[in-house]
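Below is one structure, written out as structure tokens, with a few remarks after it.
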Amino acid sequence: MNDSLILATAVRITRPVLFLFAVVLFLKGHNAPGGGFIAGLVTAVAVLLGLLVHGHGNRKTGRPTFLYVVAAGLGLALLTAIVPTLLGWPFFTHSFGFINLPLLGSIELASAALFDLGVYIVVVGNVVTVLHALTERR
Amino acid sequence: MLESVAGGCLIFLSLSLLVSLYRVVRGPSVADRVIAADTMTTSVLAVVVVGAILADSRDYTDTVMALAVVSFFGTVAFARYLVRGRPVD
Amino acid sequence: MIEFLVSIALICGTFFIVTASLGLLRMPDVYSRLHTVTKASTLGTAGILAGSALHALETGHGVLPEILTVLFVALTNPVGAHMIARSAYLIGIRMADISVIDEMQRAGEHAHTAHDKD
Amino acid sequence: MPAVFLAAALPFVVSPILLLFRRPDRRAGLLSAAACAGAFACFVSVALGASPATVALPWIGPLGLSFSLHADPLALFFALLITGVGFLVAAFATSYLDSNENFPRFFSFLMLFTGSMLGVVLSSNLMALFVFWEMTSFSSFLLIGFWHHRERSRYGALKALVVTGSGGLAMLLGFIMVGIVCGSFEIAVLAERGALLAANPWATPAVLLIIAGVLTKSAQLPFHLWLPSAMEAPTPVSAFLHAATMVKAGLFMVARLGPLLSVVPLWTPTLALFGLLTMTWCGWLALRQKDLKALLAFSTVSQLGLILVLLAPAEPDTTAAGLLHLLNHACFKGALFLLVGVLEHELHTRDLSLMGPLRRNMPFTWLLIALAALSMAGVPPMGGFVSKELFLDHLLNGHPLLALLAVAGAVLTAAYCFALAAGLAAGRRPDGPRGQDPSLSLLLPPALLVAATVGLGIFPDQLVGAPVAAATLAATGSSVTGHFAVWHGAGPSLWTSAFAVSMGLALWWGWWQKRVPPASTLIADRVYDHALEQLETRARRLTASYMSGILWRYCSVILLTVIVGVAVVAASQGFVIQDGWSSRHAGPWDLAVCATAILAALATLKARTRLAAILALGASGFSLALMFALSAAPDLALTQIMVETISVPLFLAVFAFLPPYQVDRVRRARPLHAVLAVAAGLGTALLLAASRSQRVAEPISSFFVEKSVDAAGGHNVVNVILVDFRALDTLGEITVLGVAAIACYAIIKLLSEKEAGR
């Protein structure tokens with residue numbers, strides 16, 4: 001029962017833009033303002049916009065799906081912390097290097113970005129879980 | 001020349017900020033307050049853009065975009081809240 | 001030359017935003033305030049961002065972020081205003097007594113029983 | 001890949017794989033038995049010198065911590081014991097557990113335990129040893145509470161965890177003190193720095209703390225309460241953990257650190273005294289038990305006391321005797337527990353007084369039990385006799401009172417062994433339940449253990465002489481003088497052991513005629529339960545006192561602490577605000593922004609509805625974001641704005657749960673709030689001003705700015721700090737985020753179910 005067609009169409013247009021905006025924020029986070037935390041918040045806004053419009057119509061599972069998202073994010077973050085130890089470097093060593101992709105030229109890959117991705121996922125999972133729980137129809 | 005113009009604009013924008021704040025405080029109904037908050041966001045956005053021009057830095061583009069998102073999302077959330085008592089049915 | 005254009009754009013932008021906040025002050029009821037604020041702030045933001053875009057051109061940066069923001073504001077501001085107006089009407093905020101015609105009333109859509117807001 | 005690392009890692013690798021099996025799948029047992037056998041083979045290869053004995057994994061360099069495993073003969077002695085008994089128990093458990101049990105989970109816990117036990121014996125770094133030590137407590141908690149639907153199991157598991165856990169904590173403190181005093185956590189390095197320890201005044205408390213760890217883990221006298229209630233675990237667990245391996249971790253520690261810590265005068269006497277007292281007292285308690293497993297539990301505790309007495313002086317001969325008895329005990333006690341498991345499996349009861357005549361209908365089982373019991377009593381042809389002889393030798397030429405206690409202990413041990421063997425043979429009730437000998441797969445493991453006991457009795461030196469001597473050399477640093485033998489002259493110890501056995505028989509005979517009085521609950525148990533219950537009620541009362549549920553009371557407590565804190569700092573160091581605000585071009589718009597922030601804050605005060613309040617709050621948030629933006633902090637501004645965006649719907653959604661907004665109730669306390677708020681605001685402002693002007697050292701931000709590009713390859717310093725330099729803090733923060741999400745989800749779900757229920 002979404003009461004405003006105008007809102008629905010507007011949201012249908014803006015959500016992809018927001019998701020893209022979040023990805024851009026995340027990717028350039030290392031060199032310019034942005035980063036996992038902010039990108040996570042923007043994505044959370046995008047998800048919540050969808051929630052705003054469609055409500056919980058289609059989600060009747062009641063299972064805390066986004067809690068698994070949080071767990072995945074934490075797992076990834078922990079992985080980037082522990083893997084260096086297994087390879088012999090001290091705990092939590094980040095390394096970065098440049099690889100040359102055929103068409104994109106030299107891309108800077110940093111393992112810190114993986115950790116940042118973990119942060120990103122946790123933030124999204126956290127915000128959405130809390131708001132889903134708060135607003136789910138009893 | 002640009003600095004003085006930008007400075008003037010900033011002053012006026014700060015004025016509009018204060019005026020919209022007055023409406024937030026005074027606004028008889030909730031809807032007034034929401035609109036006032038919306039204008040405030042726009043004024044903040046304008047101030048940030050002028051500030052970025054003055055400081056000649058490109059870092060603020062994301063902040064500006066975020067402000068635009070904020071005003072939309074906040075307004076819609078409030079609108080749904082007014083009617084349904086909760087932002088989401 | 002570009003600097004002159006940037007100043008012009010900034011002044012127009014500021015002019016509109018100031019009128020928006022004045023509208024907020026002067027207008028009698030919610031709906032008319034909504035009317036002025038939405039129009040003026042969209043134009044004001046466009047003006048300011050145009051100034052920033054021109055400035056970016058002069059200093060040799062891309063203008064994509066500015067364009068994207070303007071489009072975003074142009075799309076979302078009216079929708080936001082629509083939602084506010086709709087909700088305000090639904091919860092029964094009356095129009096100012098000097099208003100002349102209430103088309104919603106005549107269209108037979110009577111206000112829902114509103115939740116007791118403040 | 002060195003065999004030691006492979007062997008130690010094998011159980012840890014197998015443990016999660018086991019979880020993949022489906023529930024009633026017995027193959028999980030076979031896989032874990034194979035894992036134990038594999039580890040056993042690796043250790044044998046290391047023992048024969050086939051592959052390097054040490055491997056080191058860097059953990060935290062600067063603190064001197066590393067996961068280093070070093071398989072010296074002492075560690076190998078225990079490792080072989082653990083994996084050997086582990087193999088037998090795993091094989092036994094595969095056929096013992098009935099079909100609807102959760103096999104994968106049971107064996108994965110078992111493997112987790114085996115791995116951590118191996119870690120304890122092999123690690124040569126105190127901190128690594130501590131980590132594995134705690135993992136053994138944890139996995140024993142899981143195994144004791146395996147039948148978690150039974151209240152007794154949960155109680156037993158919790159008690160075991162509480163006692164061994166707190167002991168472990170004390171031991172950690174002791175380790176840290178020893179580590180700091182001697183300057184390193186590596187056991188090899190520590191061994192030479194005994195003199196350093198002896199001279200230091202902190203040595204005695206450190207040693208006492210480590211003794212606490214040992215006594216709790218090996219369930220010695222004051223802490224023996226957890227072992228009998230740990231008998232709620234499935235019998236294979238009791239056999240493996242609470243007879244052969246886990247309770248011996250404490251003894252291993254005494255053997256390993258003995259030479260270093262015995263430098264402190266009170267190490268040996270305390271351990272010896274506690275060992276002897278436990279041996280006698282728990283021997284007496286064992287005699288009065290009706291439940292077979294409880295009897296075995298107390299007998300284990302008393303036998304551990306005996307070994308502790310032998311290991312305490314850290315001299316080669318007694319340590320060798322201690323290790324031999326430890327081996328014997330693992331064999332006969334392991335066998336007894338498995339056999340009791342068999343009895344329970346067949347007769348479905350463990351109560352000694354309900355048992356029917358065992359000799360006739362379960363002859364073979366009874367024979368095994370009798371042999372094992374005789375070995376425990378220390379009757380000549382069995383292994384137990386050899387080590388008990390050495391024990392009596394050692395104590396007879398010691399202090400007469402200690403000798404008396406030892407003899408009494410020996411008598412009591414003999415008594416409960418006869419209660420076990422002879423009692424079962426005749427059986428209390430001729431019409432008791434009749435079982436018959438179970439399948440070979442159930443009887444083979446205990447039979448092997450009994451055969452080992454007999455073997456150790458007849459030719460101990462040939463079988464285990466060499467490994468024990470090597471282990472003692474590794475532990476105490478000097479070689480064994482004598483060697484084990486079944487018959488070494490009719491010395492005083494022979495007469496005393498003969499006397500003890502006969503007295504035991506007489507005591508049992510006299511005792512058995514009249515009904516065995518039921519054992520009352522342990523005093524230690526009553527103390528434990530009372531303490532736990534007191535703790536809970538006090539904690540609940542304390543929380544209720546300050547968690548009054550009124551929000552502004554929480555805020556006032558927080559603000560008060562801020563004010564007091566600032567006041568104390570100001571009073572003690574004095575407030576110096578030297579340079580004024582180094583304001584960059586603070587134009588008029590800065591003033592406007594500050595004005596907006598102040599006005600918005602005031603507006604929140606005036607707001608009569610919650611909605612108006614959060615709108616005004618939003619306004620102040622935005623002016624803050626504006627301040628960040630204007631002072632060239634785009635990242636901060638961006639984050640502040642996004643947080644504002646998310647908090648608006650959050651507030652709105654929460655309002656649905658809140659009661660209607662009563663303004664007047666708060667009015668009475670308004671003046672107090674005002675004063676508090678102003679004080680807090682001023683306090684923070686002064687704090688900020690002072691901290692800016694009292695700059696002592698060079699701010700670290702310059703380090704980050706410099707290093708940001710070349711060390712971490714990122715130009716955005718803020719993000720680089722967040723994700724690279726201070727990644728550990730961010731890891732902490734996102735864990736908090738995760739936990740917060742779970743907490744919110746749980747509370748809200750609880751709330752809505754309650755409301756839905758109503």
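Numbers restart at 1 for each chain; the letters A, B, ... are given by sequence-line order, proteins then strands.
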Just wondering, are more than 12 heavy atoms of other shown residues or ligands nearer than 6.0 Å to CZ in Phe12(D)?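 Yes.
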Enclosure of Phe651(D) CZ (heavy-atom neighbours >12, cutoff 6.0 Å):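 No - once you tally the heavy atoms of other residues, nucleotides and ligands closer than 6.0 Å, there are 12 at most.
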Show which side-chain atoms of residues 113-120 of chain A pair as donor or acceptor with protein atoms under 3.5 Å away, not counting sequence neighbours.
unit_1: Asp116(A); atom_1: OD1; unit_2: Gly36(A); atom_2: N; d: 2.9
unit_1: Asp116(A); atom_1: OD2; unit_2: Gly36(A); atom_2: N; d: 3.2
unit_1: Tyr120(A); atom_1: OH; unit_2: Thr43(A); atom_2: OG1; d: 2.8

With a 4.5 Å cut-off on heavy-atom pairs, point out which of Leu74(A), Val128(A), Val127(A) contacts chain D the most.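 Greatest number of close heavy-atom pairs with chain D: Leu74(A).
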With chain A, which of Ala743(D), Ala741(D), Cys744(D) has the greatest number of heavy-atom pairs at distances under 4.5 Å?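 The residue among Ala743(D), Ala741(D), Cys744(D) with the greatest pair count is Ala741(D).
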Can you give me the closest heavy-atom contact between Ala740(D) and Asn126(A), atom names plus distance?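 Taking Ala740(D) first and Asn126(A) second, the nearest heavy atoms are CB-ND2, 4.3 Å.
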With the side chain counted from C-beta on, respond yes when Leu67(A) and Ile742(D) share a heavy-atom pair under 4.5 Å apart, and no when they do not.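 They are in contact (side-chain heavy atoms under 4.5 Å apart), so the answer is yes.
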Out of the candidates Val42(A), Val123(A), Val130(A), Leu41(A), only one should pair with Ile646(D) under the side-chain contact (heavy atoms from CB on, under 4.5 Å) rule; please name it.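 Considering Val42(A), Val123(A), Val130(A), Leu41(A), a side-chain contact (heavy atoms from CB on, under 4.5 Å) with Ile646(D) is found only for Leu41(A).
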